[in-house]
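What follows is one structure encoded as structure tokens, with my remarks underneath.
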Amino acid sequence: MATATNPAPRTGEHVPWKAPLIWEESAVSVLTQEGFEELARVGERVDESLRLEFIAGKIGEKAVPDGDHGRIIAWLTRLCVQVDAGWWLHPDQGLRVEKYGKGNARPDGCLAPSDTFAGRGEWAGPDGVLMTVEVTSGDSDSDSDTGHRDRVEKPRAYAEAGIPVYLLIDRTTCEVKVYSRPDGERYEIVATLPFGKVVTLPEPVGMELDTEPLKNWVH
């Protein structure tokens with residue numbers, strides 16, 4: 001039987017729960033979405049800072065956000081609400097994504113009407129989501145698993161789920177990428193602009209975003 005193991009803690013040592021460090025390939029290949037969601041639920045109950053995702057058949061852990069990361073989400077939330085008072089940028093809402101909803105992602109923000117996720121639990125389908133937002137952790141993540149998920153795997157997963165717009169705020173390259181017009185496999189349009197430019201977030205978001213303030217929140 002395939003097993004997953006973590007190093008044993010020393011007697012009396014407190015070690016926060018983490019996703020297993022070593023997964024045999026056969027164990028990951030048979031992990032179902034229901035199995036992942038139970039794994040995530042147990043892990044997050046033990047360690048409240050832990051946030052797991054299941055994209056492209058792989059388990060990944062989201063980087064712990066820093067203060068600048070939180071400031072960017074607050075800034076963007078305020079701008080979105082100014083466009084439509086009925087919207088909210090829901091932070092860390094779990095979404096079932098990819099084809100047939102077989103993946104699990106926790107976007108840094110999901111733009112949707114404020115009551116979209118009421119009563120829908122920890123993991124919800126993408127119905128009602130206008131835009132997903134990811135903010136990279138900074139210049140140290142250029143080759144990290146988290147950075148790869150944000151830049152490569154999530155655009156595909158969100159497009160397959162039919163989410164109209166994906167906004168990537170990349171603090172490593174100091175650029176924003178706006179993905180739009182999903183065709184069920186990929187986004188047909190990708191616009192890349194440096195921080196400081198005005199970016200158009202297409203319908204159904206339909207707003208102009210002045211990215212000049214983002215220059216203040218990189219490190």
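Worth saying up front: this structure is predicted, and the values here are computed from it rather than measured.
- Put simply, CZ on Arg181 and CD1 on Ile189 are 3.5 Å apart, with the number rounded to the nearest 0.5 Å.
- The heavy-atom pair separating Val129 from Cys110 by the smallest distance is CG1-CB, 4.5 Å.
- The heavy-atom pair separating Pro182 from Pro164 by the smallest distance is CD-O, 3.6 Å.
- Grouping Ile, Leu, Val, Met, Phe, Trp and Tyr by side-chain contacts under 4.5 Å, direct or through others, leaves Val152 on its own.
- Without hydrogens or angle criteria, Arg149 side chain to Ala56 main chain gives no donor-acceptor distance under 3.5 Å.
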Side chain to side chain contact (heavy atoms under 4.5 Å, CB included) between Thr173 and Thr136, worked out: CA-CA 10 Å; Thr173 62; Thr136 67; over 6 Å; no
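- Scanning both residues, Pro213 and Trp75, for their nearest heavy atoms gives CG-NE1, 3.7 Å.
- Lys177 has no carboxylate O lying under 4.0 Å from a charged side-chain N of Asp170, or vice versa, which leaves the two without a salt bridge.
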Would you mind writing out the side-chain donor-acceptor pairs for residues 194-203 within the sub-3.5 Å range, not counting sequence neighbours?
unit_1: Thr200; atom_1: OG1; unit_2: Glu208; atom_2: OE1; d: 3.1
unit_1: Thr200; atom_1: OG1; unit_2: Glu208; atom_2: OE2; d: 2.9

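- Tracing side-chain contacts under 4.5 Å through hydrophobic residues (I, L, V, M, F, W, Y), one never reaches Trp123 starting from Leu95; they form parts of separate clusters.
- Pairs passing the side chain to side chain donor-acceptor pair (under 3.5 Å) check and including a residue from residues 109-121, sequence neighbours excluded, do not occur.
- Listed by first and then second residue, the side chain to side chain donor-acceptor pair (under 3.5 Å) pairs involving residues 89-99 are Glu37-Arg96, Glu98-Arg156 (not counting sequence neighbours).
- The two atoms that bring Gly125 and Phe117 nearest to each other are O-CE2, 4.4 Å, heavy atoms only.
- Of the possible donor and acceptor atoms, none in the side chain of Glu53 sits under 3.5 Å from a partner among the backbone N and O of Gly60.
- We find the CD1-CD distance between Ile73 and Glu134 to be 8.5 Å, quoted to the nearest 0.5 Å.
- Thr132 OG1 to Leu89 CG: the interatomic distance, rounded to the nearest 0.5 Å, is 10.0 Å.
- Ion pair Glu160/Lys102 not flagged as a salt bridge, since none of the NZ, NE, NH1 or NH2 atoms sits closer than 4.0 Å to an Asp/Glu carboxylate oxygen.
- Taking the six-membered ring for Trp and thresholds of 30 and 60 degrees, Tyr158 and Tyr166 have ring planes more than 60 degrees apart, a perpendicular arrangement.
- Residue Trp87 qualifies as enclosed at atom CH2: its count of foreign heavy atoms under 6.0 Å is above 12.
- Pairing each heavy atom of Met131 with each of Val133, the nearest pair is CE-CG2, 3.8 Å.
- Here OG1 of Thr192 is found 9.0 Å from CG of Leu168. Values are rounded to the nearest 0.5 Å.
- Under the 4.5 Å side-chain contact rule for hydrophobic residues, Val81 and Val165 do not share a cluster.
- With sequence neighbours excluded, the residues forming a side-chain hydrogen bond (donor to acceptor under 3.5 Å, both in side chains) with Asp66 are Arg171, listed by chain and number.
- For Glu212, the side-chain hydrogen bond (donor to acceptor under 3.5 Å, both in side chains) criterion is met by Lys215, not counting sequence neighbours.
- Rounding to the nearest 0.5 Å gives a distance of 6.0 Å between CG of Leu76 and CG of Leu209.
- Between the side chain of Asp108 and the backbone N or O of Val135 there is at least one donor-acceptor pair closer than 3.5 Å.
- Interatomic distance, OG1 of Thr211 versus CD1 of Ile169, reported as 9.0 Å (0.5 Å rounding).
- Here the side chains of Asp210 and Leu79 are not in contact, with every heavy-atom distance at 4.5 Å or above.
- Between the side chains of Arg151 and Thr172, a donor-acceptor pair is found at a separation under 3.5 Å.
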